[in-house]
Amino acid sequence: MSVALVTGSGGLVGGACVRRFAESFDTVVGIDNDMRAQFFGEESSSRWLVEELRSLPNYVHHDVDIRERDTIAELFSTYGTDLDLIVHAAAQPSHDWAAREPFTDFDINAVGTLNLLEAMRQHCAAATFVFCSTNKVYGDRPNDLPLIETDTRWTLDPGHPWAGHGIPEDMSIDQSTHSLFGASKAAADLLVQEYGRYFEMNTGVFRGGCLTGPGHSGAELHGFLAYLMKATTTGLRYTIFGYSGKQVRDNIHSSDLVSAFEHFHAAPKPGGAVYNIGGGVDANVSMLEAIALCEEISGKTLAHTYDEVARKGDHQWYVSDLRRFRADYPDWAVIKDIRTTLVDIHDEGLKRWKTAN
Ligand SMILES: NC(=O)c1ccc[n+]([C@@H]2O[C@H](COP(=O)([O-])OP(=O)(O)OC[C@H]3O[C@@H](n4cnc5c(N)ncnc54)[C@H](O)[C@@H]3O)[C@@H](O)[C@H]2O)c1
């Protein structure tokens, strides 16, 4: 029997993984306790997605907290070596929220990851472990890059060796401002690498740019494109923080991300592999450009306010260099560009968003 286990199965990434894996695994086990509603309020609850997943015949849901070490160990011992693939996508995902409750953030992001790694080592050490890390492990170091300003965006100085490629994995994660969220994710990122190197397990770290798609329960503090489209379509007021609204993010659709995980699982690179993953140079957008696209697709005008002060540690320009992953997995590609992704978010969102006024 082949079993895939997905943490954060009610979230954007976890939900997309469950749907895809249900087609290729005998059983898909999901873990999600809807902490997202506690972080960002009821309107961001991931419960709706879990209810949809429950209708899949081979999906088994566990309303468990990844901080519950003994319960996690028990779950792994139940499935044992039938467990082939673990995708760890549960997290406290926001900078701003982490500063409110540092212990909760660290216990979920860092200690929760250790609970899963150790359970895997004890019960299914030959499985593949995919970790959803983040570009925030680089802290605010990307803001040291030489940028130039155009009408709608900041962009990397064309003379810089990374122009045309994006930010590679060699960027230091040391001695910069991460936010407490970035620090708890960096701790987890290192643990996942270490289980790959020290215990020679098949672990992969995926340092995401912006991950997006229609499955995101977008909130003001998390889920950039999903929340922006929701705000534009339903009439919520949106605040742009700093950088003249020209800050740039690469965005990857959850279906392209899941496909990257599948490629990794089919032939895991040993030794604690680390990859930057995102839309890369082909799928990135500035805040101003994203607003224009949302308005065009929805036919509505976004009500927004500009706040001069950028969020602490926020990136001014971030585009992932995908060359390392592409070199290891040449058959993988980013399929969905920004417009296609936004249309997907809009069309699916219309089925469940309530208009604000
Ligand atoms: N969305 C992005 O732009 C982005 C960017 C980079 C990295 N990431 C990382 O990717 C992963 C998935 O992100 P996402 O956007 O799908 O997040 P999400 O918030 O949509 O999903 C995470 C899910 O985990 C669940 N969860 C949280 N704490 C839990 C706990 N203690 N026990 C059990 N379940 C818990 C939540 O209820 C939620 O449904 C996270 O690790 C995040 O840090 C996300």
Within this structure, what is the [atom1]-[atom2] distance for the pair [X] and [Y], rounded to the nearest 0.5 Å?
| X | Y | atom1 | atom2 | answer |
| --- | --- | --- | --- | --- |
| Ser298 | Leu293 | OG | CG | 10.5 Å |
| Glu194 | Met201 | CD | CE | 11.5 Å |
| Ile345 | Leu228 | CD1 | CG | 9.0 Å |
| Lys136 | His315 | NZ | NE2 | 6.0 Å |
| Arg54 | His61 | CZ | NE2 | 5.5 Å |
| Ser176 | Met171 | OG | CE | 8.5 Å |

Listed by chain and number, what are the ring pair (Phe, Tyr, Trp, His ring centres under 6.0 Å) partners of [X], not counting sequence neighbours?
| X | answer |
| --- | --- |
| Phe181 | His95 |
| His346 | none |
| Trp48 | none |
| Phe40 | none |

Worksheet item: In terms of heavy-atom contacts, does CG of Asp144 have more than 12 from other residues, nucleotides or ligands at under 6.0 Å?
Response: yes
Item to complete: Mark yes when over 12 heavy atoms from residues, nucleotides or ligands other than Gln122 sit less than 6.0 Å from its CD; otherwise mark no.
Response: yes
Worksheet item: Step by step, would you call Ser286 with Tyr243 a side chain to side chain donor-acceptor pair (under 3.5 Å)?
Response: CA-CA 10 Å; Ser286 76; Tyr243 303 137; over 6 Å; no
Residue pair [X] / [Y], side-chain donor-acceptor N/O under 3.5 Å:
| X | Y | value |
| --- | --- | --- |
| Thr128 | Asn202 | no |
| Thr27 | Tyr79 | no |
| Asp307 | Thr239 | no |
| Asp34 | Ser45 | yes |
| Asp337 | Thr340 | yes |
| Ser184 | Asn109 | yes |

Practice prompt. Sequence neighbours left out, what pairs pass ring pair (Phe, Tyr, Trp, His ring centres under 6.0 Å) with at least one residue falling in residues 125-146?
Written response: His88-Phe131
Main-chain N/O of [Y] paired to [X] side chain as donor or acceptor, under 3.5 Å:
| X | Y | value |
| --- | --- | --- |
| Gln316 | Asn143 | no |
| Ser320 | Leu322 | no |
| Gln92 | Ser94 | yes |
| Ser55 | Glu51 | no |
| Arg69 | Leu116 | no |
| His178 | Ile173 | yes |
| Asp26 | Ser2 | yes |
| Gln247 | Phe241 | yes |
| Asp250 | Gly280 | yes |
| Lys246 | Thr150 | yes |

Grouping I, L, V, M, F, W and Y whenever their side-chain heavy atoms are under 4.5 Å apart, do [X] and [Y] come out in a common cluster?
| X | Y | result |
| --- | --- | --- |
| Leu190 | Tyr198 | no |
| Val258 | Leu56 | yes |
| Ile167 | Phe224 | no |
| Val87 | Met120 | no |
| Val6 | Val130 | yes |

Write down the atom of [X], the atom of [Y], and the distance for their closest heavy-atom approach.
| X | Y | answer |
| --- | --- | --- |
| Ala188 | Ala110 | CB-CA, 4.3 Å |
| Asn58 | Ala22 | ND2-O, 2.9 Å |
| Phe325 | Ala260 | CZ-O, 3.4 Å |
| Asn115 | Ile66 | ND2-O, 2.9 Å |
| Phe261 | Cys17 | CD1-SG, 3.8 Å |

Discussion item. Which residues pass the salt bridge (charged side-chain N to carboxylate O under 4.0 Å, His left out) test with Asp65, not counting sequence neighbours?
Written reply: Arg67
Worksheet item: With sequence neighbours left out, what residues match Asp189 under salt bridge (charged side-chain N to carboxylate O under 4.0 Å, His left out)?
Response: Arg207
Worksheet item: For the residue pair His304 and Tyr306, is the inter-centroid distance of their aromatic rings smaller than 6.0 Å?
Response: no
Worksheet item: Are the ring centres of Phe264 and Phe206 closer than 6.0 Å?
Response: yes
Worksheet item: What pairs with His165 under side-chain contact (heavy atoms from CB on, under 4.5 Å), at least two apart in sequence or on another chain?
Response: Asp321, Arg323
Worksheet item: Of all residues at least two apart in sequence or in a different chain, which pass the side-chain contact (heavy atoms from CB on, under 4.5 Å) check with Asp256?
Response: Ile252, His253, Val334, Ile335, Lys336
Worksheet item: Using a side-chain heavy atom cutoff under 4.5 Å and only I, L, V, M, F, W and Y, what cluster partners does Leu350 have?
Response: none
Worksheet item: In the hydrophobic clustering (ILVMFWY, side-chain contacts below 4.5 Å, transitive), which residues join Val111, or is it alone?
Response: Phe106
Look at [X] together with [Y] and state whether they make a salt bridge at an N to O cut-off of under 4.0 Å.
| X | Y | value |
| --- | --- | --- |
| Glu52 | Arg19 | yes |
| Glu348 | Lys351 | yes |
| Arg47 | Asp63 | yes |
| Lys300 | Glu295 | no |
| Arg249 | Asp314 | yes |

Discussion item. For Arg20 and Ser24: C-alpha separation, side-chain torsions, deciding distance, then whether side chain to side chain contact (heavy atoms under 4.5 Å, CB included) applies.
Written reply: CA-CA 7 Å; Arg20 186 80 62 86; Ser24 49; 5.8 Å; no
Item to complete: For the pair Trp97 and Thr104, evaluate side chain to side chain contact (heavy atoms under 4.5 Å, CB included) and give the outcome as yes or no after the intermediate values.
Response: CA-CA 10 Å; Trp97 198 92; Thr104 310; 4.0 Å; yes
Practice prompt. Any pair with a residue in residues 114-128 that passes salt bridge (charged side-chain N to carboxylate O under 4.0 Å, His left out), sequence neighbours left out, goes on the list, sorted by first then second residue, please.
Written response: Glu118-Arg121
